[in-house]
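I have placed the structure first, in the form of structure tokens, so that the comments after it can refer back to it.
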Number of protein chains: 2
Amino acid sequence: MTTLKELAALLNISVSTVSKALNDSHEISENTRIRVKELATKLNYKPNRIAQQLKTNKSKTIGVILPTVTNPFFAEVLHGIEKTANANDYDIIVCLSNETLHKEQRSLELLSNGSVDGFIIAVARESQVEQQTEHIKATLKTDTPVLMFDRVVHDVDCNKVIVDDFQSVYAATEHLIVHDKRKHILLVSNIEELSVGKLRIEGYTKALNDHKLEAQILNLDHAGDGDVERKIYDYLEAHPNVDAILSIDHITGIVAINMAKKLGRAIPSDLSVVGFGYEHTQVLSSPKISIIHQKAFKMGEISTKLLIDNIKDKTLKSRTVVVPSELNLSESVEVHPQF
Amino acid sequence: MTTLKELAALLNISVSTVSKALNDSHEISENTRIRVKELATKLNYKPNRIAQQLKTNKSKTIGVILPTVTNPFFAEVLHGIEKTANANDYDIIVCLSNETLHKEQRSLELLSNGSVDGFIIAVARESQVEQQTEHIKATLKTDTPVLMFDRVVHDVDCNKVIVDDFQSVYAATEHLIVHDKRKHILLVSNIEELSVGKLRIEGYTKALNDHKLEAQILNLDHAGDGDVERKIYDYLEAHPNVDAILSIDHITGIVAINMAKKLGRAIPSDLSVVGFGYEHTQVLSSPKISIIHQKAFKMGEISTKLLIDNIKDKTLKSRTVVVPSELNLSESVEVHPQF
DNA sequence: TTGTATGCGTTATCAC
DNA sequence: GTGATAACGCATACAA
């Protein structure tokens, strides 16, 4: 890699002159500036980023800690983060906690040494269930901004970007009741332990209460793939009066549709199905599932923006931004009526 | 952030003594070593990674450039990369090319300044279609190792990790012919432009030729979501003799199952369906789709291992590793016979 | 307009 | 056993 020193030697001038020339300093003559720049491009000179970072004590890098990236929600958020970070001249270092507290702690530790200027984090299932917050508080104490999104630990004072979990499920449930005239709405859940799961269930329960209907919940936490199908099938078979299914994740709704069809239920006439979903969710189901579409990409964008603002001005006080979801009804994707 | 200098000042000893003490140098007395370490932990000292990087001229960081991360294949590969990198004390900086050559070039450019010790890259659709390789060759010339996976440009001399696209599809096709006794196998494709798509199609064509059967291909490149369903539906309706469908991506196979059911085809008795798939693919289809399971996670692991070896010894000559896929037949996931 | 000197935080070499 | 000094590559305050 070409360095300033090498350029200086070749041109018989000092290192600082070269540096200034490349940075378009006014104190450098037109002539030498051109000479310097020509040689620089010729030798494909690029300032060593590490050296610059050491000098300025800024890494222009954001640490992103995600529970997983195979969940399409987090994948989309990551996309939003990456795009916004790049647009603002930041790189991102990605760590996956794999839903464990231990890896999350370790990642924070390892990057809290000047490697990154701030963190964007969705806490691991374990961290959230056990309400572990010390590692995050410790990071904040070192004056490194942290932004939490989606999976949030409330006990920590930092910027937060969350989904309107309660609201969106409340609205979806109410839509099933009021618009679809459903009375026996089954909630299917495999994330009951998470705060987002709890909020979604509360939204569902509240809506049912407000309309004097009874809640019924099929909990699939820790169920294997085969079990999910079987349990949904068995439940539907045993409860033929179920006329709507609300899934609070991005998988079980589609499974429910498949099981309902197998049982001969007509969708959507006999049974409405709503789930959470992302880019391709609706393409994969037939008949189309209605989805609560979380604006994952947007969450990534907003999170990054907030964090960068916080990095630039650490006196900013913490905010919590709620990103509203969108209810995409199955009708709206019925592009071709014959299907 | 605590520095060596601060520790030294507080202990009234020199910076170099502190440094040696922390690095367990033999030339330091038991006594001072303990004093130093105690203060260090007390003040939560961590060596500044940037300074170390400048000193050693190594970033211990890998640049990962992916076309997208919302495709589950790349998400799983990323998972494998992250895990292996971390296990070897490397961080990863992730860039998403969004399938554009321009962003890919830019990412390589921006990170080729000491930020990373090497690259793992799956080239963008555009780069591959247009056979653009200059940016990669330029990077290699700066003595920065590059490893390409999945989407490979053959014209470049570097380590490569690829899927057995031709073989796996050949084998799957032959299975449909020999085991399932199918004679009219439709190939559904939305990635015909990519090298992996071409190879998969060749595998299919070769198998059919070898068994004196005729190929029929439904090309869905650039089709919108609604169009995909319609085109598959229309094709199946117009060609009632189709007795097997082979999808070479992770979406259209499931769509095909749904459309076939809508047309009253019995699966798998009337129609076999095989697609590419990952973690949750089979859960989402009913009846179960058979999938060619690419070992994405493993590819990530192997890629990272190879790259790190290459970083440590740049004289190593380039290798190409083929990671075999696995044919997961639908029967093997029929955990519950009643379904 | 150009050059010299200094420092970012660390490690390594060499004296003492 | 300890410390002074230099160096990584860059940027900048200060001289000339």
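Sequence lines set the chain letters: A, B, ... in the order given, protein chains first and strands last, and positions in each chain run from 1.
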**Sidechain N-carboxylate O distance under 4.0 Å for B:Lys37, B:Asp24** = yes
**Item:** Spacing between A:Gln53 atom CD and D:dA11 atom C1', to the nearest angstrom
**Value:** 14 Å
**Prompt:** Roughly, in whole Å, what's the span from CZ in B:Arg33 to C1' in D:dT2?
**Reply:** 14 Å
**Request:** Could you state the atom-to-atom distance from NE2 of A:His26 to C1' of D:dT12 in whole Å?
**Result:** 13 Å
**Message:** Could you tell me how far apart B:Leu54 (CG) and D:dC8 (P) are, to the nearest whole angstrom?
**Reply:** 9 Å
**Request:** Please report, rounded to the nearest Å, how far the C1' atom of C:dT1 is from the CZ atom of A:Arg35.
**Result:** 13 Å
**Prompt:** At under 4.0 Å between heavy atoms, what does A:Thr32 touch on the DNA or RNA strands: base, sugar-phosphate, or nothing?
**Reply:** sugar-phosphate
**Message:** Can you confirm whether A:His135 sits close enough to A:Glu104 that some side-chain heavy atom of one is under 4.5 Å from a side-chain heavy atom of the other?
**Reply:** yes
**Phosphate contact (D:dG9 OP1 or OP2) by B:Asn57 side-chain N/O below 4.0 Å** = no
**Request:** Output yes when at least one side-chain N/O atom of B:Ser29 is less than 4.0 Å from OP1 or OP2 of D:dG1, else no.
**Result:** no
**Message:** Does B:Gln52 reach a base, just sugar-phosphate, or nothing at all? Heavy atoms under 4.0 Å.
**Reply:** sugar-phosphate
**Prompt:** What pairs with A:Asn310 under side-chain hydrogen bond (donor to acceptor under 3.5 Å, both in side chains), at least two apart in sequence or on another chain?
**Reply:** none
**Item:** Under 3.5 Å donor-acceptor pair, B:Ser16 side-chain atoms to D:dA4 base atoms
**Value:** yes
**Message:** Does C:dT10 have OP1 or OP2 under 4.0 Å away from a side-chain N or O of B:Lys5?
**Reply:** no
**Request:** Please figure out whether B:Pro47 or A:Ser25 has its closest DNA chain C nucleotide nearer the 5' end.
**Result:** A:Ser25
**Request:** Name all residues meeting the side-chain contact (heavy atoms from CB on, under 4.5 Å) criterion together with A:Asn98; count only those two or more places apart in sequence or in a different chain, and write none if there are none.
**Result:** B:His79
**Prompt:** Would you say the side chain of B:Lys20 and the base of C:dA12 hold a donor-acceptor pair, judged only by whether the two atoms sit under 3.5 Å apart?
**Reply:** no
**Asked** Between B:Ile50 (CD1) and C:dC8 (C1'), how many Å, whole number?
**Response** 11 Å
**Message:** Using a strict threshold of under 4.0 Å (side-chain N to carboxylate O), is an ion pair present between B:Asp150 and B:Lys160?
**Reply:** no
**Message:** With a 4.0 Å cutoff (strictly under), does any side-chain N or O of B:Asn48 reach OP1 or OP2 of C:dC8?
**Reply:** no
**Prompt:** Rounding to a whole Å, what distance do you find between B:Glu30:CD and D:dG1:P?
**Reply:** 11 Å
**Asked** Phosphate oxygens OP1/OP2 of D:dG9: is one of them under 4.0 Å from a side-chain N or O of A:Thr3?
**Response** no
**Prompt:** Are any non-hydrogen side-chain atoms of B:Leu4 and B:Leu22 less than 4.5 angstrom apart?
**Reply:** yes
**Message:** Taking any heavy-atom pair under 4.0 Å as a contact, classify B:Ile13: base, sugar-phosphate, or nothing.
**Reply:** sugar-phosphate
**Request:** Answer yes or no: side-chain N or O of A:Lys55 and base N or O of C:dG7 forming a donor-acceptor pair under 3.5 Å.
**Result:** yes
**Prompt:** Can you check the A:Arg49 CZ to C:dC8 P distance for me, whole Å?
**Reply:** 21 Å
**Asked** Any side-chain N or O of A:Ser14 under 4.0 Å from OP1/OP2 of C:dG3?
**Response** yes
**Message:** Please compare B:Ala51 and B:Thr17 by the position of their nearest nucleotide in DNA chain D and report the one closer to 5'.
**Reply:** B:Thr17
